[in-house]
Each structure stands twice: as C-alpha cells, then as structure tokens.
Amino acid sequence: GIELDTAGFHLLRSIDDDRDHAVRITTDLIRATGGMDGDSYTFVDKDVQPGIRYAYWLEEVLDDGTINITGPIYGIFIPPGTEQFIYLPLIVR
C-alpha cells in the first residue's frame with residue numbers, strides 16, 4: 001500500500017484477544033521506506049513459547065503522530081526446523 005505519510009511501524013503482541021493486554025515488541029520504530037509503492041518488512045519475534053497462540057497488532061505511525069491499528073493476526077510458534085510465516089494485511093488509505 002501507499003506509505004506517503006507513514007513514519008513507520010510497531011508491533012504489539014498478547015496471549016489473548018484483548019489489545020489492552022498487548023505489549024509492544026518492537027523497541028524501535030520500523031521505519032517506513034515504501035513511499036508510493038509500499039514495501040515489505042520483516043520482524044522476528046524471538047520471545048515466544050511453543051504451542052501458545054499469540055495475537056499480533058500492527059501500529060502504523062504517521063508523520064503527524066496519528067496511529068492506525070490493524071489486527072489482530074494470530075500465530076503459534078513452531079519448533080525449530082519448521083518455518084512458519086505470518087503475513088499482516090495490506091494497509092491502504
């Protein structure tokens with residue numbers, strides 16, 4: 001999607017469906033680099049336990065400080081040796 005006014009992104013995670021229980025798992029803002037064409041971003045969540053279902057939210061932080069939240073998206077950690085990817089939805093304004 002278009003990222004013209006997007007400063008960057010943060011990710012939130014919780015072990016239930018309640019965003020009020022979610023914690024920010026990105027220490028620094030993931031800077032937006034996409035402009036008119038958008039971009040692809042990767043974040044590896046290393047602080048998870050096998051078999052637990054996690055809920056994730058994406059915070060899009062705009063240049064003016066506005067925050068748009070997308071989610072939740074759910075994922076379960078798969079033990080090493082098996083890869084699994086969670087793709088967050090496309091944000092279009």
Side-chain angles (χ1 to χ4, degrees):
I2 298 174
E3 298 173 3
L4 289 182
D5 298 322
T6 304
F9 307 93
H10 279 294
L11 289 170
L12 306 173
R13 179 191 66 222
S14 77
I15 58 172
D16 59 24
D17 294 339
D18 191 342
R19 195 178 74 204
D20 291 336
H21 298 157
V23 295
R24 182 179 284 165
I25 59 173
T26 47
T27 54
D28 296 316
L29 190 68
I30 300 169
R31 295 284 173 194
T33 58
M36 287 295 293
D37 297 325
D39 208 342
S40 178
Y41 305 92
T42 301
F43 179 85
V44 177
D45 186 2
K46 295 181 180 180
D47 191 25
V48 293
Q49 299 298 315
I52 296 176
R53 179 178 170 260
Y54 294 94
Y56 292 89
W57 290 264
L58 178 70
E59 285 185 343
E60 176 194 24
V61 181
L62 302 183
D63 292 332
D64 67 2
T66 301
I67 295 176
N68 297 315
I69 298 177
T70 303
I73 296 291
Y74 300 96
I76 297 175
F77 173 67
I78 304 297
T82 306
E83 292 188 21
Q84 181 164 336
F85 298 93
I86 298 172
Y87 295 95
L88 296 173
L90 174 66
I91 298 174
V92 178
R93 285 192 310 240

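For the numbers below, each heavy atom of this structure counts, side chains included, while hydrogens, waters and symmetry mates do not. We number each residue from 1, following the sequence as shown.
For residues 42-56, the pairs satisfying salt bridge (Lys or Arg N to Asp or Glu O under 4.0 Å) are Arg13-Asp45, Arg13-Asp47, Asp17-Arg53, with sequence neighbours left out. Annotation: ring pair (Phe, Tyr, Trp, His ring centres under 6.0 Å) contacts involving residues 22-50, sequence neighbours excluded, comprise Phe9-Tyr41. Legend: ring pair (Phe, Tyr, Trp, His ring centres under 6.0 Å) pairs involving residues 11-33, not counting sequence neighbours: none detected.
With hydrogens and angles ignored, the 3.5 Å screen pairs a side-chain donor or acceptor of Glu3 with a backbone N or O of Gly34.
Closest approach of Leu11 and Thr26 over heavy atoms only: N-OG1, 3.2 Å. When all heavy atoms are compared, the tightest approach of Asp16 to Ala55 is O-CB, 3.4 Å. Considering every non-hydrogen atom in both Val61 and His10, the closest pair reads CG2-CD2, 4.2 Å. When all heavy atoms of Trp57 and Ala22 are compared, the pair lying nearest together is CZ3-CB, 3.8 Å.
Judged as a side chain to side chain donor-acceptor pair (under 3.5 Å), and not counting sequence neighbours, the contacts of Arg24 are Glu59.
Counting heavy atoms from C-beta outward, Pro72 and Tyr54 have side chains that stay 4.5 Å or more apart. Looking only at side-chain heavy atoms (C-beta outward), Thr6 and Leu62 come within less than 4.5 Å of each other. Here the side chains of Asp5 and Asp64 are not in contact, with every heavy-atom distance at 4.5 Å or above.
Residue Ile52 holds its CD1 atom at 10.0 Å from CD1 of Ile76, rounded to the nearest 0.5 Å.
For CD1 of Ile15, the number of neighbouring non-hydrogen atoms (other residues, nucleotides, ligands) closer than 6.0 Å is 12 at most.
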